[in-house]
Each structure stands twice: as structure tokens, then as C-alpha cells.
Amino acid sequence: MLDIRQTVEKPRMREKISEFRVGDTVKVSLKIKEIIKEERNKKKGSKEKVTEKEKIYPFQGIVIKRKGGGIRETFTVRKESHGIGVERIFPLHSPIISEIHVLKKGNVKRAKLYYLRDGKKR
Amino acid sequence: MIGLIGKKVGMTQIFSEEGKVIPVTVIKAGPCKVVQKKTKAKDGYDAIQLGFGEVKESRASKPCIGHFKKIGLKPMEILEEIRIEDLSKFKECDEIKVDIFSNSKFVNVQGITKGKGFMGVMKRWGFKGMPASHGTHRKHRHPGSIGQHTDPGRVFKGKKMGGKTGNEKITVKKLSVAGIDLEKNILLVKGSVPGSRGSALFIFSDLNVPVNLQTTQLQAENKPVSVEK
């Protein structure tokens with residue numbers, strides 16, 4: 001029965017995954033569809049022109065967690081933006097992720113880097 | 001109505017094109033075989049009997065083996081009947097596969113839910129129970145009062161009480177079809193379906209119904225049939 005479930009999951013999973021571990025600094029490139037609405041001819045009844053644009057939006061930070069297995073696997077990236085911690089959870093096999101680029105290998109002794117949330121002691 | 005017998009494989013998730021996660025149940029649906037045709041003349045109603053799965057001949061009962069031997073098949077695990085208007089479409093030993101659902105957006109799934117045993121009133125109906133302290137004595141998970149006084153002098157029917165829960169036949173309607181694998185006979189359905197992994201399911205669709213089904217439903221209710229365009 002489990003084998004059958006894998007026949008569903010396998011073809012939907014990402015084939016090439018750049019290896020990365022907890023503690024690595026990564027740059028996740030996300031494909032984002034931007035919908036731009038333009039109004040033309042305001043006199044003669046507004047005709048909307050809707051254009052879709054694909055944009056690539058990077059999210060750079062430290063991987064603090066990898067969780068789950070198979071198609072359900074997710075990872076959490078933490079970055080600090082203007083002094084405020086921002087975390088995003090990504091499904092590893094999500095089609096909106098175009099690339100995961102490892103910038104720096106980390107050297108950590110934990111599986112989950114929750115201690116980063118506590119911040120620097122001043 | 002057209003349907004199939006299947007088995008629940010388990011749940012997983014898939015991604016939509018926009019990257020949204022869709023929770024799906026994987027069902028091994030079919031292939032089923034038409035084991036018997038029931039006719040109005042002989043049985044009082046028109047239906048086809050579908051068979052699914054395999055059973056060792058040593059494990060099957062003799063009446064079961066005989067039933068399948070009549071049409072030259074090996075004994076099957078599950079049998080289910082579907083009422084059908086036009087019997088001439090089907091022959092015995094015909095194979096029915098998942099492709100019957102390839103045009104349908106929604107399916108209904110019937111199965112037997114997981115048995116929960118005897119459940120108390122708090123778990124079964126979400127009652128609040130009795131207070132934890134302030135003099136409550138051994139009645140922390142009780143329902144409290146279940147009625148009034150000499151008038152009416154009885155407990156009303158349908159009063160929510162503890163009892164055996166689950167292990168009953170449930171139909172989940174209008175589950176959207178998330179994907180079909182015709183080669184491997186796999187049906188993906190959005191959301192959950194009753195039963196544990198490996199339990200038998202009956203999947204059917206109202207939407208592939210022949211056009212004259214409405215009239216048959218009215219006939220069944222003994223209402224006058226009027227054909228309108």
C-alpha cells in the first residue's frame with residue numbers, strides 16, 4: 001500500500017535538490033506571479049488590461065529547521081531584516097521555488113537552531 | 001449512477017500550479033468486473049454487481065466460488081451493486097476502470113468509519129462535563145440532567161448520550177477529483193474519506209448519470225413523470 005502512495009508522490013517531487021543542511025546560509029529563489037491591472041480609456045468605460053508577470057524574489061537566510069519526509073518535507077529559513085527576525089517556512093518540493101542556492105556551509109551541532117531566536121545578549 | 005470499488009491507500013499532499021498544497025487521499029480504484037446482471041424480471045430491479053480484489057480459492061466459501069465460477073472468474077474480495085437504467089451497455093465479465101471518472105469533477109465516496117468503541121458524552125458530543133471541584137463527587141465527565149420531571153416523565157428520543165461510536169457506513173459527498181492515473185488505477189481525491197488504510201471504499205459519481213435518471217428517480221417515488229425540454 002505504501003508503494004502505491006509513493007507512485008503518487010515520486011513524480012511530483014523535485015528531482016534536483018541542492019544539498020543543504022541546518023545551519024547553512026541559503027538563497028531561496030521564489031517564482032512569484034505579479035498581476036498588474038492597468039486602466040485604460042477612462043472616458044470610454046474603463047477597460048482593464050491585466051498582465052501577468054513572473055518575478056523572481058529571493059529570500060536569504062539561515063536554515064534553522066528541516067522537518068518531515070517525502071513530499072511533505074519543509075524547511076524554515078530565518079533572516080534578520082532591520083533588526084527584526086523574519087522566518088519563512090517553505091515546502092521543499094513546492095513548484096514556486098525555482099532554486100535553492102547554498103551560499104555558505106554552516107557548522108552546527110543542533111538539528112533545530114531555535115536558539116537563534118533568542119537573539120544576541122547585549 | 002456509475003461507480004467503482006476501491007481501497008484506501010492513505011493520505012498525502014500534492015501541489016497546485018500556483019504552489020498551493022492540496023491534501024489528497026490516494027485510492028486504489030478498480031479495475032472492477034461485472035459479476036452479475038440483475039434484471040427487473042428476475043430480481044425486481046435493474047442493477048449490475050461489481051467485484052473487486054482477489055481472494056485465495058482456499059479462503060473463499062463454496063457458494064462464493066460457485067457464484068464466480070458461473071461466469072468463469074476467480075473469487076473476488078468485495079461485491080457491490082449499482083442500480084443502472086440501461087443494462088444493455090454492460091456484459092458479464094466487463095471490466096470497469098477509473099477512466100469513468102476522467103470527465104467528472106466531483107465524486108462521492110462511501111466507506112465504513114473507524115470504530116471508536118464506547119465513547120463518553122464529553123468526547124462524543126462535546127459536552128462540558130461537571131466541575132472539577134466545588135464538591136463534585138465522582139461525576140466529572142457526566143452529562144448532568146437528561147430531562148425534566150413527572151411531566152414528561154421520560155427521556156426524549158434522540159437525547160445525546162454515550163454509546164458505541166464509529167464503525168458505520170458514511171457517504172462523503174462532492175469530493176473533488178485531484179488526479180487520475182489510468183495506468184496504475186489510482187484516483188486522487190481532495191480531502192479525507194472514511195475508514196482506515198486498506199479499508200474498502202465505494203466511489204460513485206452522480207454527474208456521469210444518463211440524462212433520464214431524473215425520470216427514474218421520480219418513478220421510484222411514484223410521482224407522475226413529465227418530460228420537459
Side-chain angles (χ1 to χ4, degrees), chain A residues 1-18 26-37 50-59 61 65-77 86-101, chain B residues 4-32 52-54 77-78 97-98 101-102 107 109 111 114 175-201 203:
Chain A
M1 281 292 182
L2 261 176
D3 299 336
I4 300 173
R5 208 164 72 188
Q6 271 179 359
T7 61
V8 175
E9 287 179 3
K10 271 268 165 67
R12 287 176 170 84
M13 272 155 74
R14 189 185 297 272
E15 279 176 18
K16 282 181 189 169
I17 298 170
S18 49
V26 294
K27 193 166 133 192
V28 185
S29 305
L30 301 167
K31 279 183 274 182
I32 283 175
K33 264 186 190 165
E34 217 171 52
I35 297 165
I36 305 159
K37 279 181 185 173
V50 181
T51 43
E52 272 191 17
K53 230 171 120 188
E54 215 175 61
K55 235 174 123 183
I56 285 191
Y57 164 79
F59 191 91
K65 165 159 67 161
R66 278 182 81 157
K67 190 189 167 194
I71 201 164
R72 295 177 187 219
E73 186 168 352
T74 60
F75 64 98
T76 306
V77 180
V86 179
E87 281 177 20
R88 253 189 103 162
I89 305 166
F90 301 105
L92 187 62
H93 300 281
S94 170
I96 65 161
I97 296 173
S98 66
E99 204 193 359
I100 303 163
H101 189 60
Chain B
L4 268 182
I5 310 168
K7 273 191 173 181
K8 181 171 168 178
V9 176
M11 288 193 74
T12 180
Q13 65 183 34
I14 59 172
F15 294 98
S16 71
E17 279 175 24
E18 306 96 61
K20 282 190 176 166
V21 171
I22 307 167
V24 292
T25 309
V26 184
I27 300 170
K28 182 161 171 33
C32 296
F52 171 73
E54 284 175 8
E77 201 182 340
I78 309 155
K97 286 187 165 181
V98 243
F101 294 129
S102 47
V107 290
V109 178
K114 281 182 186 171
L175 290 167
S176 56
V177 176
I180 287 179
D181 192 332
L182 298 177
E183 272 179 32
K184 284 160 189 160
N185 295 306
I186 289 170
L187 180 70
L188 299 182
V189 147
K190 186 181 171 186
S192 57
V193 302
S196 54
R197 271 174 247 151
S199 70
L201 297 172
I203 310 121

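So that the names make sense, note that chain A is the first sequence line, chain B the second, and so on, each numbered from 1.
Take A:R14 and apply the side-chain hydrogen bond (donor to acceptor under 3.5 Å, both in side chains) test, not counting sequence neighbours, and it matches no residue.
The closest side-chain heavy-atom distance from B:F15 to A:H93 is below 4.5 Å. Side-chain atoms of B:L188 and A:V8, non-hydrogen and from C-beta on, do get closer than 4.5 Å to each other.
Around the NZ atom of A:K31, the shell of radius 6.0 Å holds more than 12 heavy atoms that belong to other residues, nucleotides or ligands. Annotation for B:E183: atom CD does not count as buried by contact number, only 12 or fewer foreign heavy atoms lying within 6.0 Å. Around atom CD of B:E54, no more than 12 heavy atoms belonging to other residues, nucleotides or ligands sit under 6.0 Å away.
Shortest non-hydrogen contact noted between B:M11 and A:R5 is O-NH1, 3.4 Å. Among all heavy-atom pairs drawn from B:G19 and A:S94, the shortest one is O-OG, 4.1 Å. Taking all atoms of both residues into account, the shortest heavy-atom contact from A:P91 to B:V21 is CG-CG2, 4.5 Å. Here the closest non-hydrogen pair linking A:P95 and B:E17 is CG-O, 4.5 Å.
Of the listed residues (B:T12, B:V26, B:V24), the one with the most heavy-atom contacts under 4.5 Å to chain A is B:T12.
Atom OG1 of A:T7 is separated from atom NZ of B:K28 by 9.5 Å, given to the nearest 0.5 angstrom.
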